[in-house]
> 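Sharing a structure below in structure tokens format, with a few things to ask.
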Protein chains: 2
Amino acid sequence: MAKNTNVSLSVIKRLPRYYRFLGDLLQNGIHRISSKELAEIMNLTASQIRQDLNCFGGFGQQGYGYNVAALHGEIANILGLESGFKTILLGAGNLGRAITTHMNFEEKGFRLVGVFDSSPNVVGGTVRDFVVQHTDALGTFCGEYQPVVAILCIPKESAGELVPKLIDYGIKAFWNFSHFDINSAQYPNVVVENVHLGDSMMTLSYQVKELVNPPVKE
Amino acid sequence: MAKNTNVSLSVIKRLPRYYRFLGDLLQNGIHRISSKELAEIMNLTASQIRQDLNCFGGFGQQGYGYNVAALHGEIANILGLESGFKTILLGAGNLGRAITTHMNFEEKGFRLVGVFDSSPNVVGGTVRDFVVQHTDALGTFCGEYQPVVAILCIPKESAGELVPKLIDYGIKAFWNFSHFDINSAQYPNVVVENVHLGDSMMTLSYQVKELVNPPVKE
DNA sequence: TAGATTGTTAATCGATTAACAATC
DNA sequence: TAGATTGTTAATCGATTAACAATC
């Protein structure tokens, strides 16, 4: 194990998909799979799968392939899905509430410990099993509970104000649904995973346009 | 214009971000920018910006740079943000409702024309200004309104059942929040933009793990 | 043992960066 | 005109694929 020094982000981003497919195989009672078979199911090359996995260790066996359950477990380990990182969510609007109720935090490495908003209409209400607290209470809360992850479901301007404070309060990672650009050059010891739904939508728009209305060849 | 034959997806995915930053500049009353300045703001290289833009045309002027408003408009055009592609949303649960109310479809190339669900508890209720229809009505609806895009906010199993039908009904593009893997090899004339929130979360988990608990060097 | 399939090295492909002549 | 900055070609870097010896 543990030769994972500086694995590229392209590899990391494929791991959750491996994990999902292996989980499915497991549920279907399949205990063994070769890189060739898995590649076929996942629309990848066998080479890529073997390269990816060998960033972390030799999980297979020559002549046999991979043990599905074992590999599934190894990837869970690599991703840190048992970590239970203490997490706060900022912004209890439509999106924030959907994420709070819709996502399974515990299965994915996180533990939600607080929900915050700045609107008086929302503060004091409940989302799932959380009473929404005012963002003014963040300093005290972080001092006491020391969360490491913040989910940003707030407008751009609020994010601009809150991010420096949160970093000050000890937040180390952001799951960022806002349009605020967290400058990773400015904060080297902070990790950011952006989910820009608007950008994703525009990317789709381009692709639909190309499909429906293809450019004329010269 | 229009030398956009086969632009790589890496380039396309950067366009929405350019669009957002140019919009901000515009709002701040900045009318002109060089690739060098823009690169600084966006944490990119000037080279990359010029390469990216020149996939679509020479929008700049030597010795001057780029006109912000003009470039902003060109990118809107390239992305097809005025297209108003007719779109249906499937699954009026937490996530589906959040997307319906939270996203600005019109600004991003789409027009929402219907919301569907299969649960009797939800069908007949309203989301934003839509009455939720039963998925059984999809065939009739698509025949009449001919939507081209479907947003999938439904469980994996439902997606597995519905996707082939939807393609049959003329749907050409999916914005896929479900965990169902739409096999693009199987459907060559269909475009898919996946948003796997769970995968994104797991990727973040890995990064937090590495940051908080870095691997020991040998 | 023979067959299968891995782990790993080498070759290819694509994307990013650097350099510079063209030109506003 | 001289200075600035583009558009574009060439060089570099990284990621993917192919090949094959190691080995179960």
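Protein chains get the first letters and strands the later ones, always in sequence-line order, with residue 1 at the start of each. For clarity, every value in this text was computed on a predicted model and none was experimentally measured. FYI, side chains are in, hydrogens and waters are out, and symmetry mates aren't considered; it's all heavy atoms of this structure.
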> Check the distance between dT16(D)'s P and Met42(A)'s CE and give it to me in whole angstrom.
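From Met42(A) CE to dT16(D) P: 13 Å.
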> Between Leu53(B) (CG) and dT8(D) (P), how many Å, whole number?
12 Å
> Considering all heavy atoms of both residues, which atom of Phe85(A) and which atom of Val149(A) are nearest to each other, and what is their separation?
CB-CG2, 4.0 Å
> Starting at atom NZ of Lys36(B), determine the distance to atom P of dG3(D), rounded to an integer number of angstrom.
17 Å
> From CZ of Phe59(A) over to P of dG7(C), roughly how many Å is that when rounded to an integer?
9 Å
> For Thr101(A), give me all partners under side chain to side chain donor-acceptor pair (under 3.5 Å), at least two apart in sequence or on another chain.
Asn94(B)
> Quick one: side-chain contact (heavy atoms from CB on, under 4.5 Å) partners of Asn43(B), sequence neighbours excluded?
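With sequence neighbours excluded, Asn43(B) shows a side-chain contact (heavy atoms from CB on, under 4.5 Å) to Asn183(A), Ala185(A), given in chain and number order.
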> Salt bridge check: are Asp24(B) and Lys156(A) linked by an N-O gap of less than 4.0 Å?
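Yes.
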> If you take all heavy atoms of Phe56(B) and Ile12(B), which pair is closest and at what distance?
CZ-CD1, 3.9 Å
> For dA4(D) and Tyr66(B) - does any side-chain N or O of the residue sit under 4.0 Å from the phosphate oxygens OP1/OP2?
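Indeed not, no polar side-chain atom of Tyr66(B) lies that close.
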> How does DNA chain C look in dot-bracket notation if pairs are Watson-Crick or G-U with both distances under 3.5 Å, crossing ones as [ ], other-strand ones as |?
..||||||||||||||||||||||
> Roughly how many Å is it from CG in Leu9(A) to P in dT16(D), rounded to a whole number?
11 Å
> In residues 59-72 of chain A, what donor-acceptor pairs under 3.5 Å come from side-chain atoms, sequence neighbours left out?
residue	atom	partner	partner atom	Å
Asn67(A)	OD1	Ala69(A)	N	3.0
Asn67(A)	OD1	Ala70(A)	N	2.8

> Would you say the side-chain atoms of Ser34(A) and Glu37(A) include a donor-acceptor pair closer than 3.5 Å?
yes
> Along nucleotides 17-24 of chain C, 5' to 3', which nucleotides get a B, which get an S, and which get a -, given that the test is a protein heavy-atom distance under 4.0 Å?
BBBB-BBB
> So which atom in Ile78(A) and which in Tyr206(B) form the shortest heavy-atom distance, rounded to 0.1 Å?
O-CD1, 3.2 Å
> Nearest-Å distance, CD (Glu37(B)) to P (dA4(D))?
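Atom CD in Glu37(B) sits about 13 Å away from atom P in dA4(D).
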> Does dT16(D) have its OP1 or OP2 closer than 4.0 Å to a side-chain nitrogen or oxygen of Arg14(A)?
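Looking at the OP1 and OP2 atoms of dT16(D), one of them is under 4.0 Å from a side-chain N or O of Arg14(A).
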> So which nucleotide from dT5(C), dT6(D), dT16(C) ends up closest to the side chain of Ser34(A)?
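Given the options dT5(C), dT6(D), dT16(C), the side chain of Ser34(A) is closest to dT5(C).
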> For residues 160-178 of chain B, tabulate all N or O donor-acceptor pairs below 3.5 Å that involve a side-chain atom, not counting sequence neighbours.
residue	atom	partner	partner atom	Å
Trp175(B)	NE1	Ser200(A)	OG	2.8
Asn176(B)	OD1	Ser178(B)	N	3.0
Asn176(B)	OD1	Ser178(B)	OG	2.8
Asn176(B)	ND2	Phe180(B)	O	3.0
Asn176(B)	ND2	Asn194(B)	OD1	2.9
Ser178(B)	OG	Phe180(B)	N	3.0

> Rounded to the nearest angstrom, tell me the gap between atom CG in Asp52(A) and atom P in dG14(D).
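In whole Å, dG14(D) P lies 17 Å from Asp52(A) CG.
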> Just the rounded figure in Å: distance from P of dG7(D) to CD1 of Ile49(B).
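Nearest whole value for this atom pair: 12 Å.
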